[in-house]
Protein chains: 2
Amino acid sequence: MDGDNNEAKGKAGDQVMQNPQALAALQDRLDSITHSPCVMDSLPPPVRRRVKALKNLQVKSAHVEAKFYEEVHELERKYASLYQPLFDKRKAIVTGAVEPTDEECEWQSDHEDEELADELQNKASIEEKKEAETEGAAPENPKGIPEFWLTIFRSVDMLSDMLQEHDEPILRHLQDIKVIFSGPGEPMSFTLEFHFEPNNYFKNTVLTKVYKMKSEPDFEEPFSFEGPEIISCEGCEIDWHKGKDVTFKTIKKKQKHKGRGIIRTVTKQVPADSFFNFFNPIKVSPDSELDEDSELTLTTDFEIGHFFRERIVPRAVLYFTGEALEDDDSFEEEELDEGEEEDHDDDDDMEEEEEERDSKSGEAPPAECKQQ
Amino acid sequence: MDGDNNEAKGKAGDQVMQNPQALAALQDRLDSITHSPCVMDSLPPPVRRRVKALKNLQVKSAHVEAKFYEEVHELERKYASLYQPLFDKRKAIVTGAVEPTDEECEWQSDHEDEELADELQNKASIEEKKEAETEGAAPENPKGIPEFWLTIFRSVDMLSDMLQEHDEPILRHLQDIKVIFSGPGEPMSFTLEFHFEPNNYFKNTVLTKVYKMKSEPDFEEPFSFEGPEIISCEGCEIDWHKGKDVTFKTIKKKQKHKGRGIIRTVTKQVPADSFFNFFNPIKVSPDSELDEDSELTLTTDFEIGHFFRERIVPRAVLYFTGEALEDDDSFEEEELDEGEEEDHDDDDDMEEEEEERDSKSGEAPPAECKQQ
């Protein structure tokens with residue numbers, strides 16, 4: 001269901017006709033830009049009245065459509081259980097719990113794949129060799145498929161944008177991502193579960209992110225309804241081992257005592273970019289308006305949630321091999337204003353009290369409350 | 001369901017890194033372009049073998065997904081009957097068979113609408129006045145909503161591209177468009193029914209276009225499966241009244257007798273652009289390959305069929321008022337190479353035997369067989 005996050009972008013308004021001879025074209029254009037008021041206004045009152053009756057029927061239609069999408073959600077729940085054995089098998093192979101049989105590993109178009117591989121190999125071989133040298137050669141028969149999920153995180157733009165170097169060793173322990181749909185009668189939602197093997201970074205074995213959805217036309221704008229929409233999300237507490245929390249970094253600061261002029265150096269913890277901020281999204285309180293940055297951060301978060309659910313979890317292996325990457329035009333995130341990230345680690349500006357928070361890292365506890 | 005007609009467009013291949021210092025960025029880029037062979041080739045053979053097992057699981061997934069979409073189709077059929085009473089009421093109001101009650105015509109945000117109207121009215125008023133002058137004033141209380149469907153055809157780019165002046169008086173008689181889904185157990189398809197009131201142009205009361213669909217992963221490319229796809233379409237015979245067929249036009253030709261050099265003038269019928277060519281689409285025979293033009297024509301036809309089904313029929317009034325027009329970014333047809341259309345009506349080139357056929361008008365009977 002691609003109904004979520006549909007952007008309403010007018011195409012017709014992009015051009016303004018300057019040529020006075022192109023009146024017919026202008027009329028067409030005006031029709032498509034301002035049709036609503038023009039048509040309605042130019043209609044005789046009895047006809048306008050009838051059009052309003054049609055609009056009321058259209059609102060009823062939107063409510064029927066909402067029910068339709070609820071049933072689609074039910075259907076997705078039903079199919080989730082049909083996919084599950086396949087996903088479980090995937091996990092077993094990825095983690096090395098199961099070794100697939102020869103028959104299971106026979107791939108139909110092996111020959112073609114290899115031809116393509118040879119061709120493209122040339123382009124990449126130099127870089128690959130470099131990488132191999134710095135990382136050391138991989139063992140010839142490791143367990144399962146090492147770095148399966150990490151490779152996906154690296155390959156998909158939407159995820160690699162969040163990925164930091166310090167996240168990578170942690171994501172090597174990621175064993176599975178699951179999508180759990182809300183049950184019948186429950187408010188519509190889905191939960192992403194990130195399953196980790198025991199590791200030295202945090203105690204959790206599962207990190208979760210819940211996306212709450214709404215399949216209901218808005219009273220004010222019933223016609224903008226296009227199916228279920230993500231309306232909010234909730235992360236989880238990560239129980240980091242001491243000193244391992246990558247969502248914070250230690251900086252040294254020099255402080256100058258106002259009266260005595262003595263300079264002292266203090267260390268403090270400030271929010272750091274990390275994929276793991278995904279589990280600590282911006283909190284939206286019902287009474288406060290979000291600023292533009294937060295709005296964008298949240299929209300991106302919803303897109304990422306949707307992308308995990310619709311693409312990455314259902315077809316992970318294709319992101320691992322790269323086969324899915326070219327099909328994802330429609331899922332590309334909006335262009336973000338990335339800005340150069342400043343590294344404050346060796347920052348020794350005097351009397352600086354507040355750190356700028358990166359717009360992507362979401363809400364985090366105030367820097368002062370987590371000294372280590 | 002937006003799964004149909006998904007275009008696979010790679011974004012990653014657009015740029016080539018020239019800067020030798022940006023090796024890391026190049027690596028990223030290579031990863032996303034050529035990940036498939038790189039990843040597979042760089043893997044130790046036992047790991048590569050396991051990835052193939054995952055790909056086989058993925059094929060199984062695609063087949064489960066196909067079943068899911070079949071059930072969604074069933075659900076759409078079920079909901080079609082829930083929408084039908086609303087659509088029937090719409091038709092009754094449009095044609096004037098029923099006059100809606102005051103209560104049915106009370107529109108929630110009348111006030112706002114009118115403010116917006118005033119604002120935009122200024123921009124359009126000059127053109128509107130012009131139009132009103134040329135067309136003559138409309139009666140103050142006509143029957144139903146005159147030109148309801150024709151207005152939609154004029155407003156939606158995808159349809160107005162097909163619309164010719166000679167089509168307009170015919171489309172004034174269009175009373176309803178229906179989508180009929182194939183029944184359970186039948187091959188998946190949908191039929192567009194165009195219902196006309198009795199008119200002087202053709203004898204049919206319903207013109208139909210059937211779109212056949214496939215919800216099945218391709219054996220060669222199982223991973224490109226994204227849900228049901230339109231695979232072919234079929235129009236209908238239009239039983240035109242004598243001299244009323246707008247899909248042909250009469251041209252005069254001068255012919256020179258090769259031996260005697262005598263010039264004579266003959267009239268003949270050649271295909272003409274018209275929306276009604278929609279009911280005579282290109283026929284695809286299983287053994288012949290389509291040329292690029294025909295391929296594009298057919299793709300556009302499928303998009304139009306999809307658009308009627310997904311947007312225009314379910315929310316016609318919003319296309320009439322213009323409210324839906326700005327939401328249709330995702331449905332925009334591909335940019336077509338439109339080219340200037342030549343008008344051959346007064347063409348007097350000597351010895352010309354063949355007319356160029358407009359690429360959009362679809363297959364039509366040879367010009368010679370329909371002299372009137």
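These numbers come from the heavy atoms of this one structure, side chains and all, not from hydrogens, waters or symmetry mates. First the proteins, then the strands, lettered A, B, ... as listed; each starts at 1. Every value quoted in this text rests on a predicted model; they were computed, and no experiment measured them.
- With a 4.5 Å cut-off on side-chain heavy atoms, A:L150 and A:L163 count as touching.
- When heavy atoms are compared at a cutoff of 4.5 Å, B:L318 approaches chain A solely by way of its side chain, counted from C-beta outward.
- Rounding to the nearest 0.5 Å places CD of B:E76 at 4.5 Å from CZ of A:F68.
- Between B:V313 and B:R90, some side-chain heavy-atom pair lies under the 4.5 Å cut-off.
- Of all heavy-atom pairs spanning B:M158 and B:D161, the tightest one is O-CB, 3.9 Å.
- Formation of a donor-acceptor pair under 3.5 Å by the B:N141 side chain with backbone atoms of A:P44 is not found in this model.
- In terms of heavy-atom pairs under 4.5 angstrom with chain A, the leader among B:P46, B:A316, B:A62, B:P146 is B:P46.
- For A:F225, there are no ring-ring contact (aromatic ring centres under 6.0 Å, His included) partners, not counting sequence neighbours.
- In this structure, the side chain to side chain contact (heavy atoms under 4.5 Å, CB included) partners of B:K67, at least two apart in sequence or on a different chain, are A:Y79, B:E70.
- Remark: the backbone N or O of A:D218 is not paired with any side-chain donor or acceptor of A:E221 at under 3.5 angstrom.
- Residue A:Q58 touches chain B through its side chain alone, counting heavy-atom pairs closer than 4.5 Å.
- Contact tally against chain A (heavy-atom pairs below 4.5 Å) for B:V51, B:V47, B:L54: the top residue is B:L54.
- Using a 4.5 Å cut-off between heavy atoms, B:E99 touches chain A through its side chain atoms alone.
- For chain A, the nearby parts of B:F219 are the backbone and the side chain; heavy atoms of each come within less than 4.5 Å.
- Taking 4.5 Å as the heavy-atom cut-off, the residues of residues 81-89 of chain B that approach chain A are B:L82, B:Y83, B:L86, B:F87, B:K89, ordered by number.
- Ranked by non-hydrogen atom pairs under 4.5 Å with chain B, the options A:P314, A:G96, A:G144 are led by A:G144.
- For A:P222, the side chain to side chain contact (heavy atoms under 4.5 Å, CB included) partners two or more places apart in sequence, or in a different chain, are A:V59, A:P217, B:Q108.
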